[in-house]
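For ligands, and for the atoms within them, numbers begin at 1 and follow the listed sequence.
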Amino acid sequence: MGKGVLVTGGTGYIGSHTVVELIEAGYEVIIVDNLSNSDESVIEGIEAITGIRPEFVKADCRDIDALEKIFKKGKIDSIIHFAAAKAVGESVEQPLEYYHNNILSLINIISLMRRHNVPNMVFSSSCTVYGQPEVLPATEQTPRLEAESPYGNTKRICEDIIRDSVKAYGSINAIALRYFNPIGAHPSALIGELPRGVPNNLLPYVTQTAAGIREVLSIFGDDYNTPDGFCIRDYIDINDLAAAHVAALDRMLDGKMKKSFEVFNIGTGQGVSTMEIVKTFEQVNGLQLNYRITGRREGDIEAIWADPSYANEELGWYARKSLYETLRSAWKWQQRLCGIDISDE
Ligand code: NAD
Ligand code: WQD
């Protein structure tokens, strides 16, 4: 099996870091992205890190004809499908856009895999499919609950579409990676997260507050039934998360899959509270963050973290970066975005 990989959504946050890992592992990458939530300049960052400029096609995964032109070039052996809209709140306001984008894009990809005999796909799923588990940590057997948002529902539906397609068509293998909370940036600070507008996620809000772009970080709720009263998540370093995709592809190409559709949790196995993130961020970066504690955010899960042992055992993949390194990289990236000289760091 060849090493050509089509990476949809490859200029996005997780996609760009994964492309770096893929190139460093010897894969030949073609990126397709409609740039709806990313910038083409990310390609420069990837090239600066790896010395290799991946092929980039600006196209929308909802447009099957545009996608097919890429498949017809015949250089694709596998696919990593990141392309999706991901803002939870926006999905509540615009459910049809989310269903249309996230589901049609996947259907197009699977249809073209069949038509062009491309057998392998890694799919970006999410711990959001677990909702609030009754028992922690969450394993892959933890029941999926009814989704809290249309976005979350698209992940559940996409997993089901993949499961049914793999079963029916026989010619497709797929691995769904259920990511926990990815944070941080490449240690070079040449690529990182590029949130548009006011960030919804914790880490970009923290770094933008530290940089003075946001006045104050609101911490949503201190009265949860957790050791310090704050919500708990499993924050996974973006570079570690990216490496999990290479491990998943290697497994497929080496013929090591035990079933033709497999699911893995990708997290650290450690639950960390929102306040622990804030305090550790302050400590490792030597600064003070302006924050206030406000009421709970509607729909927030109280606590979730992963049991990653299945990925550890089967993929040989482990989360390696410390929270210190990750929070350092997040701040370094924010400083670079703000044009602050980080050359001595
Ligand atoms: P991102 O928005 O940075 O990346 C997604 C990329 O897909 C963007 O570059 C966007 O322009 C592109 N895109 C969107 N719709 C497209 C379409 N129709 N055609 C072509 N390109 C399209 O998001 P991310 O954080 O890198 O997330 C990547 C994947 O991982 C998504 O599927 C997301 O749902 C999933 N995920 C993300 C998280 C997270 O916390 N970031 C957690 C779990 C799962
Ligand atoms: C983390 C913690 C907040 C912002 C979301 C999606 C989920 C998945 C991951 C894709 C929570 C707290 C946050 C702020 C805060 N994505 N927080 N102040 O909610 O775990 O999950 O991203 O699949 O689907 O829902 O991530 O980064 O928004 O929040 O106190 O300004 O930080 O309450 O406890 P979340 P998050």
Side-chain angles (χ1 to χ4, degrees), residues 7-18 31-40 42 57-63 66-67 80-89 91 97-98 100-106 108-109 123-131 147-149 151-155 158 176-183 192-196 198-206 208-209 214 216-222 224 226 230-236 238 241-242 245 266-267 272-275 277-278 291-305:
V7 181
T8 75
T11 45
Y13 175 44
I14 307 173
S16 56
H17 291 80
T18 301
I31 294 174
V32 56
D33 201 298
N34 66 0
L35 302 179
S36 58
N37 198 37
S38 57
D39 196 282
E40 200 173 336
V42 166
V57 181
K58 185 178 174 200
D60 195 306
C61 294
R62 285 166 289 192
D63 179 351
L67 275 186
I80 305 184
H81 182 49
F82 292 106
K86 66 161 183 179
V88 174
S91 81
E97 279 81 353
Y98 272 68
H100 187 238
N101 189 9
N102 295 4
I103 293 171
L104 182 56
S105 294
L106 175 73
N108 285 344
I109 290 288
F123 174 71
S124 297
S125 192
S126 169
C127 67
T128 195
V129 300
Y130 298 123
E148 297 270 350
S149 69
Y151 165 73
N153 206 22
T154 69
K155 289 295 164 193
C158 284
L177 301 180
R178 291 181 181 154
Y179 315 150
F180 282 67
N181 289 57
I183 59 167
E193 192 169 6
L194 273 176
R196 297 216 162 148
V198 182
N200 297 309
N201 295 116
L202 178 62
L203 248 291
Y205 213 107
V206 165
Q208 289 193 8
T209 306
R214 310 281 155 211
V216 55
L217 167 76
S218 296
I219 299 182
F220 302 135
D222 63 352
Y224 284 98
T226 58
F230 297 95
C231 287
I232 293 177
R233 297 289 183 273
D234 186 332
Y235 294 95
I236 171 81
I238 186 67
L241 174 59
H245 295 79
I266 304 297
V272 175
S273 81
T274 308
M275 189 53 84
I277 288 285
V278 167
Y291 67 82
R292 65 173 176 218
I293 293 162
T294 63
R296 293 182 177 197
R297 181 171 69 177
E298 200 190 324
D300 252 340
I301 301 299
E302 179 169 273
I304 186 165
W305 66 94

Go through ligand 1 atom by atom and flag the ones less than 4.0 Å from a non-hydrogen atom of A59. 19 (N), 20 (C)
May I ask you to identify, for S105, whether its side chain, its backbone, both or neither come under 4.0 Å of ligand 1 on a heavy-atom basis? side chain
What atoms in ligand 2 come closer than 4.0 Å to a heavy atom of Y235? 1 (C), 2 (C), 32 (O)
I'd like to know whether ligand 1 has S125 as a neighbour, heavy-atom separation below 4.0 Å. yes
Pull out every atom of ligand 2 sitting under 4.0 Å from any heavy atom of C231, numbered as shown with elements. 34 (O)
May I ask you to identify the nearest protein heavy atom to atom 21 (O) of ligand 2, giving residue, atom name and distance to one decimal place in Å? N181 ND2, 4.0 Å
Whether R178 lies under 4.0 Å from ligand 1, heavy atom: no
Say whether, by atom type as modelled, one donor and one acceptor occur between the side chain of R178 and the main chain of S124 under 3.5 angstrom. no
Within the structure, is a non-hydrogen atom of D60 found at a distance of less than 4.0 Å from ligand 1? yes
If we set the cut-off at 4.0 Å for heavy atoms, which region of I277 has an atom near ligand 2: side chain, backbone, both, or neither? neither
Should the proximity of N34 to ligand 1, defined as any heavy atom under 4.0 Å, be assigned to the side chain, the backbone, both, or neither? both
Atom indices of ligand 1 within 4.0 angstrom of S124 heavy atoms, with elements: 29 (C), 30 (O), 32 (O), 35 (C)
Heavy-atom proximity to atom 4 (C) of ligand 2, best of T226, D234, I232, N200: N200
Closer than 4.0 angstrom: is that true for some heavy atom of Y179 and an atom of ligand 2? no
Have a look at R233, R296, E148 and point out the one with the heavy atom closest to atom 20 (O) of ligand 2. R233
What do you reckon, does S218 have a nitrogen or oxygen under 3.5 Å from a nitrogen or oxygen of ligand 2? yes
Using a 4.0 Å heavy-atom cut-off, say whether N201 meets ligand 2 through its side chain, its backbone, both or neither. both
